[in-house]
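What's counted below: heavy atoms across the whole structure, side chains too, no hydrogens, waters or symmetry copies.
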Amino acid sequence: MWRDVVLVAVGGAIGTAARAGLTLAFGDDLGPALVPIVNVVGAFAIGILFGWRAWMPQSSRAQRVQLFVGTGVLGGFTTYSSLAVESADLGLLWWGVATVIVGTAAAWVGVLLGRGGHARV
């Protein structure tokens, strides 16, 4: 499905541009903290999207929204590669581990919020 590939590509460009904009705007002030903040916020938003999708009827439109927003925009917004590079310094390894733990918790809370507070998985 070429339309799906285009949705992901356009969404990814938007998400990557948003992350780059935040880096330009706040990179000097936040320094290396910006990457974990972006990743945790992105994980939270992805959790909300997936929680919301769990309650939506299955449709091609909902699938396209998930591809565009989840895989595309939020996938481009978050950045595992930058986190991995920053965590390659053994002195900052804790930073990467903490980001994964906090990001996982943020995604879990996002899923619960997206599902309207229902804990059913």
J.: Just list the side-chain donor-acceptor pairs under 3.5 Å for residues 25-35, sequence neighbours left out, or say none.
T.:
none

J.: Would you compute the distance between atom CG of Leu7 and atom CD of Gln63 and round it to the nearest 0.5 angstrom?
T.: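 Between atom CG of Leu7 and atom CD of Gln63 there are 10.0 Å.
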J.: Treat each ILVMFWY residue as a node, draw an edge where side-chain heavy atoms are under 4.5 Å apart, and state whether Ile48 and Val109 are in one component.
T.: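 The answer is yes; both residues are in one hydrophobic cluster.
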J.: Looking at every heavy atom in both Ser87 and Gly96, which two are closest together, and how far apart are they?
T.: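 Heavy-atom minimum between the residues: OG-CA, 3.1 Å.
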J.: Are Val65 and Phe50 grouped together when hydrophobic residues (ILVMFWY) are joined by side-chain heavy atoms under 4.5 angstrom apart?
T.: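 Val65 clusters together with Phe50.
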J.: Evaluate the criterion side-chain contact (heavy atoms from CB on, under 4.5 Å) for residue pair Gln58 and Arg53; output intermediate values, then yes/no.
T.: CA-CA 8 Å; Gln58 294 297 323; Arg53 279 282 286 133; 3.7 Å; yes
J.: If I compare all heavy atoms of Val38 with all of Arg19, which pair ends up nearest, and what's the gap?
T.: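 Residues Val38 and Arg19, closest heavy atoms: CG1-CD, 4.1 Å.
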J.: Given Phe68, which partner from the list Val6, Val10, Val8, Leu74 fulfils the side-chain contact (heavy atoms from CB on, under 4.5 Å) test?
T.: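 The side-chain contact (heavy atoms from CB on, under 4.5 Å) with Phe68 is passed solely by Val10 among Val6, Val10, Val8, Leu74.
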J.: Given the rule that I, L, V, M, F, W and Y join up when any side-chain heavy atoms are under 4.5 Å apart, are Trp108 and Leu113 in one cluster?
T.: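 Linked within one cluster.
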J.: Enter the distance from Thr79:OG1 to Leu83:CG here, rounded to the nearest 0.5 Å.
T.: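 Rounded to the nearest 0.5 Å, the OG1-CG separation comes out at 8.0 Å.
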J.: Under the side-chain contact (heavy atoms from CB on, under 4.5 Å) rule, what do Asn39 and Phe77 come out as? Steps first, then yes or no, please.
T.: CA-CA 8 Å; Asn39 285 337; Phe77 181 70; over 6 Å; no
J.: Give the minimum heavy-atom separation between Thr99 and Pro36, together with the two atoms involved.
T.: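 Nearest pair, atom of Thr99 first, then Pro36: OG1-CB, 3.3 Å.
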J.: Any chain of hydrophobic side-chain contacts (each under 4.5 Å) joining Trp52 to Ile46?
T.: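 Yes, it is one cluster - the side chains of Trp52 and Ile46 are joined through contacts under 4.5 Å.
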J.: Distance check, rounded to the nearest 0.5 Å: Thr104 atom OG1 versus Phe44 atom CZ?
T.: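 CZ of Phe44 is found 14.0 Å from OG1 of Thr104.
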J.: Linking I/L/V/M/F/W/Y whenever any side-chain heavy atoms sit under 4.5 Å apart, do Tyr80 and Val40 land together?
T.: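 No, separate clusters.
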J.: Minimum heavy-atom separation for Gly103 and Ala43, please, with both atom names.
T.: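 Result for this residue pair: O-CB, 3.4 Å.
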J.: List the atom of Ser59, the atom of Ala62, and the distance in Å for their closest heavy-atom pair.
T.: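 It is OG-N, 3.0 Å.
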J.: Any chance you could pull the hydrophobic cluster mates of Trp2, using side-chain heavy atoms under 4.5 angstrom and chaining through other members?
T.: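 For the cluster that includes Trp2, the remaining residues are Val5.
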